[in-house]
Q: 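Below: one structure in structure tokens.
Worth knowing before you read on, the calculation uses all heavy atoms, side chains too, and leaves out hydrogens, waters and symmetry mates. The first residue of the sequence shown is numbered 1, and numbering continues consecutively from there.
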Amino acid sequence: MNRFRYFVENQIFGVCARMGEKLNFPASSIRRYFIYATFMTFGSPIVLYLVLAFWMEMRQNWRRHNSPTFWEL
């Protein structure tokens with residue numbers, strides 16, 4: 001089961017895991033509340049999730065661009 005969880009976290013942007021790290025809250029609880037909120041509001045939190053995933057990717061690329069490694073110089 002842990003293998004599946006790690007696979008899903010890596011493949012689905014890791015937004016809930018990252019929020020859990022920042023808020024010092026278990027990622028499984030964040031995922032559960034996200035699922036509840038998605039069903040209660042007919043899917044609107046999915047847009048928020050995609051925006052957060054996009055923001056995380058842009059931030060990672062921006063950091064990589066500002067501090068390139070030896071091989072990228």
Q: Side-chain heavy atoms under 4.5 angstrom apart, residues restricted to Ile, Leu, Val, Met, Phe, Trp, Tyr: same cluster for Phe54 and Leu50?
A: no
Q: How many angstroms lie between OH in Tyr33 and OG in Ser28, if you round to the nearest 0.5 Å?
A: 9.5 Å
Q: Would you name the heavy atoms of Met56 and Gly14 that are closest together and state the gap between them?
A: CE-O, 3.9 Å
Q: How long is the straight-line distance from CZ of Arg31 back to OG1 of Thr38, given to the nearest 0.5 Å?
A: 13.0 Å
Q: Would you kindly confirm whether Ile35 and Val51 end up in one hydrophobic cluster when ILVMFWY residues are joined by side chain heavy atoms under 4.5 Å apart?
A: no
Q: Provide the closest heavy-atom pair for Tyr49 versus Val15 in the form atom of the first, atom of the second, distance.
A: CE1-CB, 3.5 Å
Q: If you look at every heavy atom in Ala17 and Ala27, which pair is closest and at what distance?
A: CA-CB, 3.8 Å
Q: Answer yes if Leu23 and Leu48 sit in the same cluster of Ile, Leu, Val, Met, Phe, Trp and Tyr residues linked by side chain heavy atoms under 4.5 Å apart, and no otherwise.
A: yes
Q: Any non-hydrogen side-chain atom of Leu52 less than 4.5 Å from a side-chain atom of Met19?
A: yes
